[in-house]
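Counting from 1, the numbers follow the sequence of the chain as shown.
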Amino acid sequence: MADRKSPALLIREQLEPLFLSLTDEERGKLLSALMAYQWHGIQPELSAKLAGMFEVLRALADDDKIQYEAKCERNRSNIQSYWDERRRG
């Protein structure tokens with residue numbers, strides 16, 4: 001399967017306390033790091049505090065990407081089956 005880039009970065013409501021514990025500057029750095037990782041594969045250099053939070057969020061983003069890729073593959077397979085059936089008549 002081709003390595004698809006997930007078009008979204010999910011921020012779960014359960015993570016609100018984590019984000020609210022940060023200053024605006026820290027929150028911005030963390031979100032920027034997550035976007036750089038999710039969409040460009042860039043591993044950020046962060047302070048120890050943010051690096052720990054990033055690792056938790058990175059694991060969640062990686063799981064989301066796996067689920068997204070599985071959904072894309074399932075959809076591809078379903079549409080292929082549909083067109084195969086239509087061709088057979």
Side-chain angles (χ1 to χ4, degrees):
M1 171 181 3
D3 188 29
R4 286 192 172 88
K5 180 171 63 170
S6 179
L9 176 63
L10 301 177
I11 305 295
R12 295 166 174 78
E13 183 178 3
Q14 298 92 326
L15 298 172
E16 183 180 20
L18 179 139
F19 283 102
L20 291 178
S21 73
L22 301 172
T23 66
D24 288 345
E25 182 181 352
E26 290 171 328
R27 195 176 306 127
K29 286 180 180 181
L30 185 56
L31 287 172
S32 293
L34 285 168
M35 289 185 287
Y37 174 78
Q38 181 77 0
W39 297 321
H40 306 292
I42 297 170
Q43 290 285 3
E45 291 187 27
L46 298 166
S47 68
K49 176 182 178 181
L50 294 180
M53 292 179 177
F54 175 82
E55 287 306 312
V56 171
L57 298 172
R58 182 194 56 76
L60 290 171
D62 288 347
D63 289 344
D64 291 340
K65 182 179 179 184
I66 290 167
Q67 290 176 2
Y68 174 76
E69 289 172 345
K71 182 178 180 178
C72 288
E73 182 60 28
R74 202 169 43 250
N75 289 344
R76 187 200 65 73
S77 179
N78 288 343
I79 197 66
Q80 186 63 48
S81 296
Y82 170 82
W83 286 112
D84 289 347
E85 284 294 319
R86 296 257 335 209
R87 284 187 203 113
R88 283 189 226 124

Legend entry - Flag, side chain of Ser77 to backbone of Glu73, donor-acceptor distance under 3.5 Å: no
Legend entry - Pairwise distance CG(Leu22) to CD(Glu25) - rounded to 0.5 angstrom: 11.0 Å
Legend entry - ILVMFWY cluster, Leu46 and Leu15 together (side-chain gap under 4.5 Å): yes
Inset, instruction - Scan side-chain atoms only and decide if Gln80 and Asp84 contain a donor-acceptor pair under the 3.5 Å cut-off. - result: yes
Legend entry - Euclidean distance, Leu9 CG relative to Trp39 CH2, rounded to 0.5 Å: 5.5 Å
Legend entry - Greater than 12 external heavy atoms within 6.0 Å of Arg12's CZ: yes
Legend entry - Nearest-0.5 Å distance, NZ of residue Lys65 to CG of residue Leu60: 15.0 Å
Legend entry - Ser21 side chain to Leu18 backbone, donor-acceptor under 3.5 Å: yes
Inset, instruction - Consider only side-chain heavy atoms of I, L, V, M, F, W and Y, link residues closer than 4.5 Å, and tell whether Met53 and Ile11 are in one cluster. - result: yes
Legend entry - NZ/NE/NH1/NH2 to OD/OE distance under 4.0 Å, Asp24 and Lys29: no
Legend entry - Gln43 CD: over 12 foreign heavy atoms closer than 6.0 Å: yes
Legend entry - Within-4.5 Å side-chain heavy-atom neighbours: Gln38 and Met35: no
Legend entry - Over 12 foreign heavy atoms within 6.0 Å of NZ, Lys71: no
Inset, instruction - Could you grab the distance from atom CZ of Arg27 to atom CG of Leu20, nearest 0.5 Å is fine? - result: 6.0 Å
Inset, instruction - Identify the heavy atoms of Arg58 and Leu34 that sit nearest to each other, and give their distance. - result: N-CD2, 4.3 Å
Inset, instruction - Calculate, to the nearest 0.5 Å, the distance between atoms OH and CG belonging to Tyr37 and Leu57 respectively. - result: 11.5 Å
Inset, instruction - Working to the nearest 0.5 Å, report the span between CD of Glu26 and CG of Leu50. - result: 5.0 Å
Inset, instruction - Determine the minimum heavy-atom distance between Phe54 and Pro44, stating which atoms define it. - result: CZ-CD, 3.6 Å
